[in-house]
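Position 1 is the first residue of the sequence; numbering continues from there. Quick note: numbers below take in every heavy atom, side chains included, and nothing from hydrogens, waters or symmetry partners. As the structure is a prediction and not an experimental result, all values here were calculated from the model.
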Amino acid sequence: MGFNEHDTDPTLASIRRTMWSCNGLIGLAFRRLYVEEGAFKKDADLRGVAEMPVNSAARWFTSPWVHMEAAMAYQLGLPL
């Protein structure tokens, strides 16, 4: 997306409007966040849920945007 194609509307609305003029989506999930140690809290919005340590080795994570944009493209019927 070019610099001049982005507007001041809320982010999801501007992405959806831009996708209407696209023929498809290629999503690249580059690594963005490195976690060496961490804790997982399933159902974090519930009281009394204990944290569990993440016992896997150090790990890279990607941005959630690659998933959201792919879902939006799918809803619009664009090939992924």
Side-chain angles (χ1 to χ4, degrees):
M1 180 164 75
F3 179 75
N4 60 345
E5 293 178 28
H6 202 284
D7 53 29
T8 58
D9 286 345
T11 306
L12 291 175
S14 64
I15 291 171
R16 181 178 169 87
R17 186 172 21 267
T18 301
M19 283 188 176
W20 274 111
S21 64
C22 295
N23 294 319
L25 176 87
I26 296 174
L28 301 175
F30 292 114
R31 56 188 189 183
R32 299 276 312 238
L33 175 68
Y34 179 73
V35 177
E36 193 167 313
E37 293 181 25
F40 174 72
K41 191 170 184 181
K42 185 175 192 280
D43 300 324
D45 59 338
L46 301 176
R47 294 181 189 212
V49 176
E51 287 184 352
M52 298 176 290
V54 175
N55 54 0
S56 62
R59 196 169 177 181
W60 282 96
F61 293 92
T62 187
S63 168
W65 280 101
V66 73
H67 303 287
M68 288 187 269
E69 290 169 345
M72 291 173 75
Y74 179 78
Q75 289 177 336
L76 294 174
L78 297 174
L80 301 176

- Nearest-0.5 Å distance, CD of residue Glu69 to CE of residue Met19: 5.0 Å
Within a radius of less than 6.0 Å around [atom1] of [X], do more than 12 heavy atoms belonging to other residues, nucleotides or ligands occur?
{"X": "Tyr74", "atom1": "OH", "value": "no"}
{"X": "Ile26", "atom1": "CD1", "value": "no"}
{"X": "Tyr34", "atom1": "OH", "value": "yes"}

- Give the minimum heavy-atom separation between Ala39 and Glu51, together with the two atoms involved. CB-OE1, 3.6 Å
- Do you know the tightest heavy-atom contact between Ser21 and Thr18? OG-O, 2.8 Å
Using the rule that Ile, Leu, Val, Met, Phe, Trp and Tyr join whenever any side-chain heavy atoms are under 4.5 Å apart, tell me whether [X] and [Y] fall into a single cluster.
{"X": "Met68", "Y": "Phe61", "result": "no"}
{"X": "Leu33", "Y": "Phe30", "result": "no"}
{"X": "Val66", "Y": "Ile15", "result": "no"}

- How about Met72 and Leu25: do any of their side-chain heavy atoms sit closer than 4.5 Å? no
- Query: Short question: side chain of Thr62, backbone of Arg31 - any donor-acceptor pair under 3.5 Å?
  - Reply: no
